[in-house]
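Since the structure comes first, as structure tokens, the remarks are kept for the end.
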There are 2 protein chains.
Amino acid sequence: MVTIYDVAKKTGYSITTVSRALNNYSDVSEKTKKVIVKTAEEMGYFPNSFARSLTMKKSFTLGVIFVEDLGVGMKHPFFSAVIEDFKRRVEKFGYDLIFINRYIGNEKKSYIDHAYYRGVDGIIVVCSNYDDPEVVKLIESPLPSVVLNVHTDKTNVVYSNNGHACELVMDHLFSLGHTKIAHIAGASDTFTGKERVNGYKLALDKYDIPFKDTYIVDGGYFSYEGGYEAMNRLLALDEVPTAVFASGDIMAMGAIKAIKDAGLTVPDDVSIVGFDDIELAKHITPSLTTIRQNTELIGKKAADLLINQINNKDEDYSAVMLPVELIVRESTQDITNKE
Amino acid sequence: MVTIYDVAKKTGYSITTVSRALNNYSDVSEKTKKVIVKTAEEMGYFPNSFARSLTMKKSFTLGVIFVEDLGVGMKHPFFSAVIEDFKRRVEKFGYDLIFINRYIGNEKKSYIDHAYYRGVDGIIVVCSNYDDPEVVKLIESPLPSVVLNVHTDKTNVVYSNNGHACELVMDHLFSLGHTKIAHIAGASDTFTGKERVNGYKLALDKYDIPFKDTYIVDGGYFSYEGGYEAMNRLLALDEVPTAVFASGDIMAMGAIKAIKDAGLTVPDDVSIVGFDDIELAKHITPSLTTIRQNTELIGKKAADLLINQINNKDEDYSAVMLPVELIVRESTQDITNKE
DNA sequence: CTGAAAGCGCTTACAG
DNA sequence: CTGAAAGCGCTTACAG
């Protein structure tokens, strides 16, 4: 590896001047700057990020934390899409992404410890279960951070407008003539799960549809199996709903499967709405009516918030709520003229 | 931040001894080791990875490179699954993952430059287009690396047994009575694309089915749209195939859509086989008959190969070919008793 | 079993 | 505009 010393020796300047020239400081003459930059290039010089981070107390590195309750990690289609967009955005500012887990070497540590060990300048947290004490510690720590799809005033947050989303879904179903509308809920210890249950209830109120306990079934942590079983419970009811709003696309897909397995058809017998608009939503049969979360905007906003926090430590925390969109496809049907 | 100096001062030992105690060296008395470890813990001490990496010339960091030709990055369901398993494996050895792109700060650099800048101990390369000169440079560099789904003797490789996979697919289709079997190929500049075209042709030979030019259509870079259009070309043929083997699940899904849009049915009119067994393959309608690549094993093997290479620089490169499995679902149908 | 010292490759006051 | 020196927080010969 060629170091700053090698460049200094070759050009005859001191390492101080070389460093300043390479970092494009103003107080170096244009002429010597040119010489140094050219020589460095020829020699294939590269700064050593460790040495740089050590002196500057800044690593241009951001930690990504997936809380692994579901065990899917970066396989999760919604989160991985957000992270991909987040990554593209922060790269523009020179930041690289590093995954933070709960181990250092073989020893189990906390996320914070690991983040400090790796010297990240900030972290982005994506997970469903924010009650995890480790996550709480992380969010409340002074380390700049941004969390997705949750609300807290302890750090920066960005999330989709779940309330409006639920309203869009319910408006849509109601306009198609549905009143027996059930909800497959995401786990009650997740922010999104709770928010959407809320939104569902508010919409019922809006249309003066009485709320029925049996019409909310727990689908667990947004899994296919959870959706499948939840739907089976709805199908076993005396009064089977004509429409089901699932708190996530994967759960919706599980629900569709349950309906098919029961010998029924979507949307002829039951209309289904999902949430997320993952890549596959448009490719399944029937294609899924769902809420599109704007992953690109979420990733971009999260990046901007985090970088801004890093650069202005004293800044207040921000909460950004992003608009959503209802995507109508084949899984919902008008039943006003039916029977 | 509390440093080794703070721990030294508090315990009265030198930083040398503190360092050795904390790293569990044998030449420290049990007693002082205990005191130092305990004090360090109480003080919330953590090693600084930059200082450590700087002196040790080892970062316990691995670079992940997604070559972004398709622009999907970590959204790709197959690659993200492999990386997730790779990550879990390397974490056991104390390695963290960092994403490597082609920028440092704002300047466009090569992957290698970036990898050196970040001081990674090794890299894992996942991409489809290995002709990219940047990728070639990377693979041929002395930096320990492992690449997925490609063959080269310049570095470590791990890939699925494409030849056997194709045989399984064709055996299956042939046993169901199909002889008019077409292939939707992955881009010809990808290793997997080429390998599977080969396997397809070999299997035709095996069954003495004459090869028809028109029965191989290019599906591009394994995309849904590519599969859709390729299938449309097949449907326009005078003699429409009764079965189609697509080089990837996403392409297969595009093909299924094209068939539906043409008013035909899978598998009644055309049987479809995919490749990968991504999460969704079993959830679409009809569920997809496909080749399961063992992502867990691929990730794990890649991790072991890379870590082994890092620890034994002189070791020869390895090529590991992993077994595959045919998963028969609803998208293929027996036509022996048909018509 | 323990410690003083050098060195890893940078950046940044400070001095001129 | 340029350079000598200190310091970031570690590890590792070397010496005792």
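Order of the sequence lines fixes the chain letters, A, B, ..., with proteins taken first and strands second; residue numbering starts at 1 for each chain. It should be emphasised that the depicted structure is a prediction, and the values quoted were computed from it without experimental measurement.
Dashed line: the shortest gap from a side-chain N or O of B:Thr55 to OP1 or OP2 of C:dG7 is not under 4.0 Å. Phosphate proximity of D:dT11 to B:Asn23: present, with a side-chain N or O under 4.0 Å from OP1 or OP2. Under 4.0 angstrom from either OP1 or OP2 of C:dG9 there lies at least one side-chain N or O belonging to B:Lys57. Listed pair B:Ser19 / D:dT11 meets the phosphate criterion, a side-chain N or O lying under 4.0 Å from OP1 or OP2. Contact between the side-chain N/O atoms of A:Ser29 and the OP1/OP2 oxygens of D:dT2 is found at a separation under 4.0 Å. Residue A:Tyr25 places at least one side-chain N or O closer than 4.0 Å to OP1 or OP2 of C:dT12. Between B:Tyr117 and C:dC10 there is no side-chain N or O to OP1 or OP2 distance below 4.0 Å. A sub-4.0 Å separation between OP1 or OP2 of C:dT2 and a side-chain N or O of B:Thr17 is absent.
Among the nucleotides C:dT11, D:dG3, D:dT12, the one closest to the side chain of A:Met56 is C:dT11. If you check D:dC10, C:dT11, C:dG9 against the side chain of B:Asn48, the one that comes closest is D:dC10. Checking C:dA13, D:dG9, D:dT11 against the side-chain heavy atoms of A:Arg20 singles out C:dA13 as nearest. Of the candidates C:dT2, C:dA5, D:dT2, C:dT2 carries the atom nearest the B:Val28 side chain, counting heavy atoms from C-beta on. The B:Ala51 side chain lies nearest to D:dC10 when the options are C:dG3, C:dA13, D:dC10. Comparing C:dC10, D:dC10, D:dC1 by their closest approach to the side chain of A:Ile4 singles out C:dC10.
Ring-plane geometry between B:Tyr159 and B:Phe191 is classed as perpendicular, the angle between the planes exceeding 60 degrees on a 0 to 90 degree scale with a lower cut at 30.
For the pairing with A:Val64, the side-chain contact (heavy atoms from CB on, under 4.5 Å) check across A:Ile123, A:Ile98, A:Ile124 returns one residue only, A:Ile124.
To the nearest angstrom, P of C:dT12 lies 13 Å from CG of A:Leu22. What separates CD1 of A:Ile36 from C1' of D:dG3 is a distance of 12 Å, to the nearest Å. Put simply, CD1 on B:Ile15 is 9 Å from C1' on C:dA4, counting in whole angstrom units. One atom, CZ of B:Phe50, and another, C1' of D:dC10, lie 13 Å apart when rounded to the nearest Å. Between the P atom of C:dC10 and the NZ atom of A:Lys9 lies a distance of 14 Å, rounded to the nearest Å. Here C:dC1 presents its C1' atom at 16 Å from NZ of B:Lys34, a figure rounded to the nearest Å.
The 5' end of DNA chain C is approached more closely, in terms of each residue's nearest nucleotide, by B:Tyr13 than by the other of B:Tyr13 and A:Pro47. When each of B:Leu54 and A:Thr16 is assigned the nucleotide of DNA chain C bearing its nearest heavy atom, the one mapping closer to the 5' terminus is B:Leu54.
The base-pairing partner of D:dT2, taking Watson-Crick or G-U wobble contacts with both distances under 3.5 Å, is C:dA15.
For A:Thr39 and A:Thr11, the side-chain atoms include no donor-acceptor pair closer than 3.5 Å.
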| task | With side chain to side chain contact (heavy atoms under 4.5 Å, CB included) as the test, would you mind laying out the steps for A:Asp121 and A:Leu62 before giving the verdict? | result | CA-CA 6 Å; A:Asp121 298 333; A:Leu62 263 23; 4.2 Å; yes
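Nucleic acid contact class of A:Thr32 (heavy atoms, under 4.0 Å, all strands): sugar-phosphate only. Residue-level contact check: A:Asp27 touches the bases, meaning some heavy atom is under 4.0 Å from a base atom. Residue B:Thr3 is classed as a sugar-phosphate contact, given heavy-atom separations below 4.0 Å to backbone atoms only.
Taking 4.5 Å as the limit, some side-chain heavy atom of A:Val90 sits within range of a side-chain heavy atom of A:Leu97.
For the pair A:Lys9 and A:Tyr5, the cation-pi criterion (under 6.0 Å, within 45° of the ring axis) is not fulfilled.
Of the possible donor and acceptor atoms, none in the side chain of A:Asn23 sits under 3.5 Å from a partner among the backbone N and O of A:Tyr25.
Evaluation of atom-type donor-acceptor distances gives no pair under 3.5 Å for the side chain of A:Tyr5 against the base of C:dC8.
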